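Inspection log for the structure reproduced underneath, given as structure tokens.
Here is the naming used below: chain letters follow the sequence lines, and residue numbers restart at 1 for every chain. Note that this is a predicted model, so its numbers are computed, not measured.
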Number of protein chains: 2
Amino acid sequence: MNLKDLADQLNLSPTTVSRALNGYPEVSEVTRARVEDAARRYNYRPNTQAKRLATGRAMAIGHVIPISTQHEIVNPVFADFIAGAGEVYARSGYDLLMTIVPDEDQDRIYREIRSKRNVDGCIVHSPKMAEPRIGLLRELGLPFVVHGRATLETGPYSWVDMNNIRAFHRATEFLIDLGHRRIALINGIETMDFAHRRRLGFEQALAARGVQADPGLMASGEMTEAQGYHEAMAMLAGPQRPTAFLTSSLLSAMGVRRALGDLGLVLGRDVSIVTHDDDLSYLRNGGDEPIFTATRSSVRDAGRRCARLLLRQIELGKAAVPKPVGELLEAPLIVGASTGPAPGV
Amino acid sequence: MNLKDLADQLNLSPTTVSRALNGYPEVSEVTRARVEDAARRYNYRPNTQAKRLATGRAMAIGHVIPISTQHEIVNPVFADFIAGAGEVYARSGYDLLMTIVPDEDQDRIYREIRSKRNVDGCIVHSPKMAEPRIGLLRELGLPFVVHGRATLETGPYSWVDMNNIRAFHRATEFLIDLGHRRIALINGIETMDFAHRRRLGFEQALAARGVQADPGLMASGEMTEAQGYHEAMAMLAGPQRPTAFLTSSLLSAMGVRRALGDLGLVLGRDVSIVTHDDDLSYLRNGGDEPIFTATRSSVRDAGRRCARLLLRQIELGKAAVPKPVGELLEAPLIVGASTGPAPGV
DNA sequence: TTCGCCAACCAAAGCGCTTTGGAACGGGAG
DNA sequence: CTCCCGTTCCAAAGCGCTTTGGTTGGCGAA
């Protein structure tokens, strides 16, 4: 059943049917009701491709998910991020187009996406400190919103980010207040902007309180359980045994906890852990009482915000070039059972 | 730059340019070369929407991701599954269209997808034992492949599934051989087909060896770390303390491990754990030496297989209705450090 | 010389929708 | 009674591609 068939059934022209269904004023209310009723009865749904071709709008948002070729890892936060963004798209009638791409092919894919015109805008995931995709998209004139920021990018762009610096600053201060001095940082890959900022917050807090940072107590890599375990094992075997760990991910924190178990150390008494918690649906930090003391910021919520921002930009963009805007989310520190005073304090 | 412009530049008709670019034989090789060269120079890319409208093929595959409304959980395996499927789509020029839907809206969404004609087929995720979506899609005539199976579905359909029964049968036997008799099962939600089958394998193995199944040692629910922890704590506090756990997910296994730690029990000596491992990229079961003894089956690989199967069906479907086929994947049991003889054996 | 055939190209008709630019009709103002 | 305007509808021209059903010109066979 297409528009023409439906029009024939109603003894109306396709024009009128189209207008009736799309809420144009120049059709009488009684006709509109008739049309809507028939559309429902015949289960008519306009052909997406035709609509898109005619309007020139793709009604779809692109998510280009990079897959790191060394590690073959899909970032575990994507599922939740996309769940959040997807909610918003669904409400506005947009589709979500996903493309999984090896890191080095990203440029090509963005160009292709642009010239094939099958999305109206896109979300940039996992920006690095120096992020070539931002310049590229600006040049291509494709609306976009970055989930995160790119420190070395000077031009304007829209983004949604959490306050990584402040979160890790606060977490570090919290440990120092508990008497910890040898604090280890188990971070993500530090070319990634978020990891860079987290380290900054960590170092600034140490410096502000006159605590010497120890390079031997700073690790960075893919944030997995195994990473947490191995780094913790190595650090705890070293001469400058840390009394506390700050980790960038719940998974890493779980690895550190396993290492403590293996070494017979008690969490929260012998060694403390503070982690960042992305509040993933399948990886909750406990129920009522959090397991780990953590800075928490919902990735799903970030997904929703990115989507809303992008749709707004696209909407506005029809009239004029919209002003880039940023949204900075705070991550409160939530005290759980994994922290306590430094031993011997 | 569209087809017509390009044709004008070349002093050719759009027909010829289209045929040249799409590899039709009725255009001379010298002309084809000229066209291809110009296309490259002008960075011409056919408009996706127009192409789709003209050919009637959406060149996209739909993934409808249900989101359980009680638990608000996004299944953590989706990311890897989609990474696998996405690889295959990319190679064949298909897009991946994702829709996140609350459980109860699925019917509506499939119908909508169908009548909007914006995908050529779709993947059915997380089938239940009784799976209405299969009948629905068959009725709608939309090609589909199920990731998993639906025990109570009698009609034919295409699927890719792992041998859940055999995997859990084998894992259970392995524990029995080690002398364990009080074995706990921490399973997914058992209306889900995979969880049902896993339980079947477990019970069959117990029965075959004359071990009485204890309902108090069988739990089912969302497979999270917290689930593993709480169920294990409860069971270990009970009268019929298990000496071994069989879990459906690495996350649950990690929760069980935490419980053991809290109770001062040693993993692999006091209590054994066997888990199923989906081989997720961000949740590896250790590196060289696996942490947990586990049945392993790569979800990413399953994604690839589903995608290939679906594309093949779509390709064939142009000629005739293709025969449904199934692919059963075995999950080898990989011995790690989490299992040992039952205490006192 | 005529005819048929093949290689190489093209005009025009879709695909199913939106949108432009009317047309038809009725009612109120003059 | 005429004129004008607002309301309500419609025909037809796109959107950018594919595909059908040609046409044209050259060459070999009869």
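- Atom C1' of nucleotide dC15(D) and atom CZ of Arg52(B) are separated by 16 Å, given to the nearest angstrom.
- An end-to-end axis angle of 70° holds for the helix from dT1(C)-dA30(D) to dG30(C)-dC1(D), taken from five base pairs per end and rounded to 10°.
- Between Leu10(B) and Thr31(B) the shortest side-chain heavy-atom distance does not fall below 4.5 Å.
- For the OP1/OP2 pair of dC9(C) and a distance below 4.0 Å, the side-chain nitrogens and oxygens of Ser28(B) include at least one atom meeting the criterion.
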Using atom names, set out every protein N or O paired with an N or O of nucleotides 21-25 of chain C below 3.5 Å, distance rounded to 0.1 Å.
none

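- Within 4.0 Å (heavy atoms only), Asp5(B) reaches no atom of the nucleic acid at all.
- The shortest distance between the side-chain N/O atoms of Asn2(A) and the OP1/OP2 oxygens of dC15(C) is not below 4.0 Å.
- Of the candidates dC9(C), dG16(C), dC17(D), the closest approach to any side-chain atom of Ala54(B) belongs to dC17(D).
- Look at Thr16(A) and you'll find a side-chain N or O under 4.0 angstrom from OP1 or OP2 of dC10(D).
- Contact between the side-chain N/O atoms of Ser13(B) and the OP1/OP2 oxygens of dC9(C) is not found at any separation under 4.0 Å.
- Distance, Lys116(A) NZ to dC15(D) P: 22 Å, rounded to whole Å.
- For the OP1/OP2 pair of dC17(C) and a distance below 4.0 Å, the side-chain nitrogens and oxygens of Tyr44(A) include at least one atom meeting the criterion.
- Mapping Glu26(B) and Asn47(A) onto DNA chain C via the closest heavy atom, the residue that lands nearer the 5' end is Glu26(B).
- If you take OH of Tyr24(A) and P of dC17(C), they are 15 Å apart, rounded to a whole angstrom.
- Here the nucleotide nearest the side chain of Leu53(B), chosen from dC15(D), dT18(D), dC15(C), is dC15(C).
- Between the CD atom of Glu29(A) and the P atom of dT7(D) there is a distance of 13 Å, rounded to whole Å.
- Distance, Arg34(B) CZ to dA8(C) C1': 13 Å, rounded to whole Å.
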